[in-house]
Amino acid sequence: MDSDSVFGAIVRAPEDPILGVTVAYNKDPSPNKLNLGVGAYRTEEGKPVVLSVVRKAEQLLVNDQSQIKEYLPIVGLADFNKLSAKLIFGADSPAIQQNRVVTVQCLSGTGSLRVGAEFLARHYHELTIYIPQPTWGNHPKIFTLAGLSVKTYRYYDPATRGLNFQGLLEDLGAAPSGAIVLLHACAHNPTGVDPTLEQWEQIRQLMRSKGLLPFFDSAYQGFASGSLDADAQSVRTFVADGGECLVAQSYAKNMGLYGERVGALSIVCKTEDVASRVESQLKLVIRPMYSNPPIHGASIVATILKDSNMYNEWTVELKAMADRIISMRQQLYDALSAKGTPGDWSHIIKQIGMFTFTGLNSEQVAFMTKEYHIYMTSDGRISMAGLSSKTVPHLTDAIHAAVTRFG
Amino acid sequence: MAVRNSMLNRLLSRSSDLGVARWMSSSSSSSWWKSVEPAPKDPILGVTEAFLADPSPDKVNVGVGAYRDDNGKPVVLDCVREAERRIAGSSFMEYLPMGGSVKMVEETLKLAYGENSELIKDKRIAAVQSLSGTGACRLFADFQKRFHPDSQIYIPVPTWANHHNIWRDAHVPQRTYHYYHPETKGLDFAGLMDDIKNAPNGSFFLLHACAHNPTGVDPSEEQWKEISYQFKVKGHFPFFDMAYQGFASGDPERDAKAIRIFLEDGHLFGIAQSYAKNMGLYGQRVGCLSVLCEDEKQAVAVKSQLQQLARPMYSNPPLHGALIVSTILGDADLKNLWLKEVKVMADRIIGMRTALQENLEKLRSPLSWEHITNQIGMFCYSGMTPEQVDRLTNEFHIYLTRNGRISMAGVTTGNVGYLANAIHEVTKSA
């Protein structure tokens, strides 16, 4: 006679709003369906891509018989950590030269954010994190589960489909001293709206004056503008003032290593001694979570970053991806303009990175899914990476129909 | 712009008025992390660090539980090399679902629940790919906390040190139960049964399915049956940590005996499985968490909740290790090769146990060393004290954890004599 389950009362959790889009897309039998949901890069042919330089690195690794795949240290692959820090902070960063940066390999951006948040919840004195409104759907859960209290600051302005800079400054200005502030380093997800360099400078000054702690989420370095250095500017100006910050890096998009879960958490500290103590405490967060990080993806990254030819190859392939997305923005904007679709669609070319916050409401989105088999998150976010020249007309028709029907 | 600048100035001056710490000049500020204490070194992983730093040519590492061949070298299994060869260049590296690779999970469940398990066919098992054994235990601990917030976890004494950290970080209070009997260097069965009976009904228990870490002491089949029976009487929840299936006896079916017994008795339990040791996939972090449910509907609900816990931790699990596992287990020839290679590893360890015990007996040690061959799996709980362990390290450059746990995987025909000698030296006047 079987036992009753102690978990018998558990109800089924709702689908993850982002990953659930692909689930729904996969179920749709329509030949015209278009997946503009999850942010994974697609080629003009709508296919996923593995960068040539990644394939090269893969082959090098599999052919290297001496490669042993035992446990990495808790903090991950040492080469990978050093190279990742150089990538985001700049090879000549004084913070690195002064050994003030601790970098630990984590499971992509999500894992880096979670480990950083857990560390803060244990060791920081102000357990509130301010996140932009809106932000990636997974951010609030990560911070809440880590033990932080989550508040928001104004960010997106629906009226302009741009940055609500006034609101941002007011909200951060009103935050308690020492509060943590989540900043998207570039290519804000989901809106694609980034502060200008001048605005970043004002944000920096305000935050430093109030002792607000910056926690950068850098998921798109190189992917936004096509330049790794340009996309790291926001982070670097903060580090240049000598202050402290946290940075979560992901290689999911910019190296196409999505499923291998490769990322890094860096904490820039005031002194080398502090950095060393912080590293030891980060280990205590990681060990009871998964002991040590996965070796494969980090090995690929390290192989590429340490070889100057492969590194250069990577920058070229990365720029090509960024350029294709920028071109898709232009094509979609041109198509909507040509069709005379009501409204100002210039935000499509002003926004940057993988996503466009179309400004479509959930009713319009639902209509587009039902009638045109176009899949996106209900907040109107579309992944430009999922578009191609061939599918731009279909999307244009759908947007046009939705806006004229429910405008 | 002028408006914004003046607003910024107002904000800055307001915060001045409040007397809040300034950040305008970096040199005057101090670190937020000044008061962060240096954390103690991980007792297990710290051993290897110390070993690596030792320049002595005689040094022996019998610390961390990673398999070594008879030359003391780490091993990548042939079946793994072949799988990696097939995988390279073939995968798109896209995100796995939150629950991981469906194929890998299915093959993994067969190992634990039986090749033709009705439970798998009936879809009664909620299962997700996890970050090896650690990740599976942590996901379960978080799940336990979320849905049974007032529950505790009963943990054997001793256990793998990280078990305590995992349930602590999940905020689940811990109790212990008797397990190891220092006098016999075997199982404290009476103490174990007492603790099972005395625990409140419906308690959560952590059980090592086979090759108990760190002691190598496992209940016999008869003892498992009694444990299972008592669990039924008390309505306890069994959570199995199975990190060594195949590695203990050389036969994965045999090593799953405890689980089979609990299945026969109709328990609904959870299992953490790891491929770190039995496939040598340590660094790939590949494993599986499963929770046996009453029916398919419940399994769907439980799986969805497990995914809710994984999403804010790492979103979805790493692909490469999962591809290796499903390539091997999904191909009859590769699977057979794997089973052969697992047996070779297990047999070598069993051989080293015999050799170590014989060496100590030859040296006329005054102590009994039968426990070396009575115990099973990667580890031998030697019974040595921390002081004796320190002497082994300081005088003989032999590295092991201070609880006297020897990783038999680090013992070779080349070093077993030296090791026996050293152990004899530090224990002969005990």
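To find a chain, count down the sequence lines: A is the first, B the second, and so on, and within it residues start at 1.
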So for [X], is it side chain, backbone, both, or neither that comes closer than 4.5 Å to the heavy atoms of chain A?
X	result
S90(B)	backbone
H164(B)	neither
T48(B)	neither
K145(B)	neither
V291(B)	side chain
F237(B)	side chain
F269(B)	neither
E49(B)	side chain
Q298(B)	side chain
P317(B)	backbone

Looking at [Y], is its backbone amide N or carbonyl O close enough to the side chain of [X] to form a donor-acceptor pair, meaning the two atoms are under 3.5 Å apart?
X	Y	result
Q305(B)	V11(A)	yes
R114(A)	P312(B)	yes
R261(A)	N316(B)	yes
E58(A)	A88(B)	no

Which atoms of [X] are under 4.5 Å from chain B, going by heavy atoms: the side chain, the backbone, both sets, or neither?
X	value
K283(A)	side chain
V23(A)	neither
I300(A)	side chain
L284(A)	both
Q59(A)	side chain
L282(A)	neither
P293(A)	backbone

Roughly how far, to the nearest 0.5 Å, is the [atom2] atom of [Y] from the [atom1] atom of [X]?
X	Y	atom1	atom2	answer
M313(B)	T110(A)	CE	OG1	11.5 Å
L281(B)	E70(A)	CG	CD	11.0 Å
Q308(B)	R12(A)	CD	CZ	11.0 Å
L257(A)	L319(B)	CG	CG	10.5 Å

Quick check: closest heavy atoms across [X] and [Y], and the distance to 0.1 Å?
X	Y	answer
F143(B)	I10(A)	CZ-CD1, 3.4 Å
Y258(A)	M93(B)	CB-O, 3.4 Å
P48(A)	F92(B)	O-CE2, 3.5 Å
S291(A)	N162(B)	OG-ND2, 3.6 Å
A13(A)	S304(B)	N-OG, 2.8 Å
R168(B)	P288(A)	NH2-CG, 4.1 Å

Does the side chain of [X] reach to within under 4.5 Å of the side chain of [Y], using non-hydrogen atoms?
X	Y	answer
E118(A)	D169(B)	no
L107(A)	L131(B)	yes
M289(A)	T134(B)	no

For chain A, the option from [options] that forms the most heavy-atom pairs under 4.5 Å:
options	value
H148(B), K297(B), R85(B)	H148(B)
R311(B), K73(B), E84(B)	R311(B)
G283(B), A276(B), P74(B)	G283(B)

In terms of heavy-atom pairs under 4.5 Å with chain B, which of [options] leads?
options	value
H139(A), R55(A), R122(A)	R55(A)
L145(A), L172(A), V49(A)	L145(A)
K141(A), K47(A), R287(A)	R287(A)

**Request:** Could you please spell out the steps behind the side-chain contact (heavy atoms from CB on, under 4.5 Å) verdict for N292(A) and R285(B)?
**Result:** CA-CA 8 Å; N292(A) 37 70; R285(B) 318 311 293 130; 3.0 Å; yes
**Message:** Classify the ring geometry of Y71(A) against Y282(B): parallel below 30°, tilted from 30° to 60°, perpendicular beyond 60°.
**Reply:** perpendicular
